[in-house]
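Structure first, commentary second.
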Amino acid sequence: MDRENKLNAPQQEAVETVDGPLLILAGAGSGKTRVITQRVAHLIRELGISPESILAVTFTNKAAGEMKRRVEELLGENTAGLQVSTFHSLCARILRGYGDRLGYPRNYSIYDEQDSRHLIKKIIAELNLPARQFIPGVMLARISSAKDRVLGPEDYAKTCHDHFSKETARVYERYQQALFEAGALDLDDLIMQTVCLLQTVDDVRDYFQQRFVYVMVDEYQDTNFAQYRLVKLLSDPQGNLCVVGDDDQSIYTWRGADIRNILEFEDDFPKAKVVLLEQNYRSTPNILDAAYAVVCGNFRRKDKKLWTRQPEGEKITVILSESDTAEADLIVGRIKTFQENGQYGLNECVILYRTNAQSRSFEEAMRRFSLPYVLVGGVKFFQRKEVKDVLAYATLVVNPHDIVALRRVINYPKRGLGQTTLGKLETAAEKNGHPLLHFLAEGEAVAHVVSSRAAKSVAKFIAIIEELSGLRDEKNLGDWMRFLVERIRIKNELQSDDPTQSQTRVDNVDELVAGAAEFAMINPDATLEDFLEQAALITDVDRWEPDTDAVTMMTLHSAKGLEFPVVFITGLEEGLFPLAQAMQDSDRLAEERRLFYVGSTRAKKRLYLSYARTRRRFGETVNMKSRFLAELPGDSYVTENHIGYDRLGPGGLSYQRRRVARRGARPVGLPQGANDLSAILQAGMRILHPRFGEGLIETVRGYGAGLTCEISFKSGEVKTIVARYANFEILGV
DNA sequence: GCATAGATCTTTTTT
DNA sequence: AGATCTATGC
């Protein structure tokens with residue numbers, strides 16, 4: 001109770017500083033959400049500010065929901081009109097109301113990456129660009145990054161000098177045009193077009209500037225240029241802008257997040273006040289020290305160090321396993337032991353990994369140990385094929401111009417309308433000047449361009465859409481969706497293909513219908529458009545329920561903003577974490593370090609860092625201990641070694657029964673050419689080389705077959721040696 | 001128009 | 001290694 005409401009001095013200062021620009025540098029676990037919610041409460045209760053004048057923006061629906069809940073807890077129901085939302089839903093809302101000023105319809109569709117890629121692929125084909133070089137995903141990434149910087153097609157074209165970029169600019173232009181004709185915006189458009197709207201339409205900008213007197217932004221380190229512009233446009237001219245963030249937790253620069261937004265806030269707003277929140281209320285000193293040691297490898301960070309009043313707690317545990325499978329078994333087994341001993345419940349444990357692909361071995365281990373688990377991320381619910389298929393029908397009813405939705409389902413379930421027929425119909429509709437769906441409803445015109453069999457199929461398809469449109473106002477959302485699912489007979493379709501997957505797919509369709517019904521129940525005034533909007537903007541973490549009695553597994557990125565008593569960070573191997581692509585580039589490596597910092601500071605009581613000696617990844621077996629482990633303060637952790645070796649002469653190492661050995665226990669031979677043993681080589685090891693004698697490993701670089709060591713020998717010589725050819729012996733650590 | 005076999009890519013992270 | 005996309009033949 002005390003902890004919830006009593007604020008320390010800097011927190012208090014942050015809460016009470018309401019006028020002018022304010023930067024709150026909030027370290028992990030420093031009570032950031034408490035400060036934001038209390039600040040909102042302070043504005044309303046102490047200063048009598050109307051809730052409608054306050055805007056708080058976050059990145060996830062979950063964070064927004066949590067913030068809203070906690071403000072209500074403080075103020076009761078006196079929060080009507082308070083705007084707490086994500087960047088995307090705020091913009092979606094603004095564009096529903098005022099997008100017509102830019103020519104967008106009220107019922108616009110929101111395209112996800114998949115939809116966008118589909119459209120770009122079509123444009124690439126239309127422009128006759130060779131598919132070999134012009135890959136939709138790559139072009140989309142370029143376009144998306146342009147939109148993050150608020151560069152429209154013409155602005156972007158000015159920055160293009162090479163052939164590929166110039167062609168991308170052409171595709172970009174066509175793509176924007178195609179989106180516009182489809183009455184659609186992609187996710188980046190939501191932000192960029194809102195910025196355009198506020199920049200160019202004076203009365204709309206004036207309205208929002210007057211409405212939002214106090215603006216707050218959470219996770220400011222993750223904002224991109226477009227979001228920065230948006231925030232600035234909304235908070236000007238009063239400039240009561242409060243941003244909260246932590247440059248050490250910036251882990252989305254690859255998505256356009258510009259760390260300069262936070263690093264240069266004080267230059268940008270010269271009158272800005274800065275408050276540092278450095279007292280951590282979450283983790284033990286050992287955990288904080290380790291996290292700090294790794295992130296300190298970075299330059300160009302705001303200097304701050306978390307401290308805590310908490311007792312030291314247990315040391316971090318570093319676990320070395322034989323393989324990825326063994327790693328999973330060991331960790332899942334440990335969790336089961338925790339549960340059986342009553343130490344920690346399943347929902348107090350989280351398994352974190354760098355890439356979604358790693359979840360697989362843990363899922364299998366969970367099944368072997370028969371423990372319940374919740375997987376967050378991976379293929380998102382609303383992205384699943386069967387769910388998107390159902391939603392495409394609904395979207396078409398709302399927005400008949402949506403060409404991507406139409407193409408998605410015109411032949412699903414199969415009605416014999418393939419590429420050729422679709423091509424004919426599209427050409428005819430274009431000539432005719434009608435949107436494709438409207439053209440399809442003109443029976444005679446259709447019969448003119450395609451076979452009578454195809455025309456019949458088209459008529460059937462149109463009948464479904466018209467029937468659905470007719471029932472829209474009669475049925476409530478849940479019933480309407482149920483009817484839609486029955487009408488297109490999608491469940492029968494699903495049952496007839498792949499039997500191993502069909503049940504899950506049918507379940508997903510049922511869950512979608514149930515979700516729609518629930519949505520309608522919670523929001524009685526909600527329209528089908530509202531439901532589709534939320535389906536487009538919700539993420540998997542948003543759907544995660546922390547109270548379920550199950551182990552949570554997710555990527556390090558997804559874990560941002562969450563906390564758990566017990567955290568396992570897995571796959572700490574060079575090439576995986578840090579990721580191979582990041583190892584050559586110091587900026588990307590810095591981001592991996594921050595990701596490690598984010599991951600480890602999720603832990604309240606116990607932190608486990610795990611790596612495997614061999615891991616099957618993408619065909620090959622590559623492995624070497626992550627450099628991050630070498631950067632941990634020596635007294636903050638203990639090591640559990642779960643592999644053992646027998647020395648069988650040169651090149652022969654055999655796996656013994658699993659046992660716990662002390663760190664660097666005995667000499668271990670290194671077989672020639674066995675690149676999968678690189679996990680055991682680390683800086684600081686003493687080795688014996690057949691020619692150069694005894695030496696000390698200074699640094700280890702690369703991984704797999706390319707693994708090299710820099711070794712200083714007794715003779716004083718320093719040599720760089722390719723490990724797989726060296727055939728040296730390890731004497732110890 | 002569709003089924004099958006072969007080719008290719010994936011595995012970085014997501015609002 | 002497995003999923004997904006493409007080309008080919010029916």
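Treat the numbers as computed from the prediction; the structure is a model and nothing was measured. The sequence lines fix the lettering, A, B, ..., with proteins before strands; numbering per chain opens at 1.
- Using a 4.0 Å heavy-atom criterion, one finds that A:D222 contacts no nucleic acid atom at all.
- Where stacking is scored as ring centres under 5.5 Å apart with planes under 30°, A:W254 registers as stacked on the base of B:dT13.
- Atom C1' of nucleotide C:dA3 and atom CZ of A:R384 are separated by 14 Å, given to the nearest angstrom.
- Remark: A:K388 engages A:D115 in a salt bridge, criterion side-chain N to carboxylate O under 4.0 Å.
- Nucleotide B:dT13 holds its P atom 13 Å from the CZ atom of A:R255, rounded to whole Å.
- Regarding A:L589, its CG atom lies at a distance of 18 Å from the P atom of B:dT13, rounded to whole Å.
- Of all nucleotides listed (B:dG1, B:dT11, B:dT14), B:dG1 comes nearest to the side chain of A:T420.
- With C:dT6, B:dC2, B:dT13 as the candidates, the nucleotide lying closest to the side chain of A:T355 is B:dT13.
- Side chains of A:N224 and A:Y252: no donor on one and acceptor on the other come within 3.5 Å.
- Rounded to a whole Å, the CZ atom of A:F382 is 16 Å from the C1' atom of B:dT14.
- Nearest-nucleotide mapping onto DNA chain B: of A:L422 and A:E592, the residue sitting toward the 5' end is A:L422.
- If you check B:dA3, B:dT11, B:dT14 against the side chain of A:H557, the one that comes closest is B:dT14.
- Going from the C1' atom of C:dT6 to that of B:dT11 covers 22 Å, rounded to whole Å.
- Whole-Å rounding puts the A:K121 NZ to C:dT4 C1' distance at 10 Å.
- The pair A:E573-A:K625 fails the salt-bridge criterion, with no side-chain N (NZ, NE, NH1 or NH2) lying under 4.0 Å from an Asp/Glu carboxylate O.
- Between A:K385 and C:dA3 there is no side-chain polar atom (N or O) within less than 4.0 angstrom of OP1 or OP2.
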Salt bridge (Lys or Arg N to Asp or Glu O under 4.0 Å) between A:E563 and A:R602, intermediate numbers included: CA-CA 4 Å; A:E563 60 177 30; A:R602 299 308 96 198; over 6 Å; no
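- No contact: A:R594 has no heavy atom under 4.0 Å from any strand.
- Comparing atom distances between the A:L579 side chain and each of B:dT12, B:dA3, B:dT13 picks out B:dT12 as nearest.
- Dashed line: the shortest gap from a side-chain N or O of A:T421 to OP1 or OP2 of B:dG1 is under 4.0 Å.
- Straight-line distance from the CE atom of A:M583 to the P atom of B:dT12: 13 Å, rounded to whole Å.
- Cation-pi geometry between A:R96 and A:Y108 is met: the NZ or CZ atom falls under 6.0 Å from the ring centre, inside 45° of the normal.
- Between A:E631 and A:R627 no salt bridge is recorded (no basic side-chain N to carboxylate O distance below 4.0 Å).
- Where A:I135 and A:S558 meet DNA chain B, the nucleotide closest to each residue was compared, and A:I135 sits on the side nearer the 5' end.
- Among the protein residues, A:K62 comes within range of no part of the nucleic acid, since none of its heavy atoms lies under 4.0 Å from any strand.
- Of all nucleotides listed (B:dT14, C:dT6, B:dT11), B:dT14 comes nearest to the side chain of A:N356.
- Following rounding to the nearest Å, A:R117 (CZ) and C:dT4 (P) show an atom-to-atom distance of 12 Å.
- For A:R588 against B:dT12, a side-chain N or O and a base N or O form a donor-acceptor pair under 3.5 Å.
- Distance, A:L352 CG to B:dT12 P: 19 Å, rounded to whole Å.
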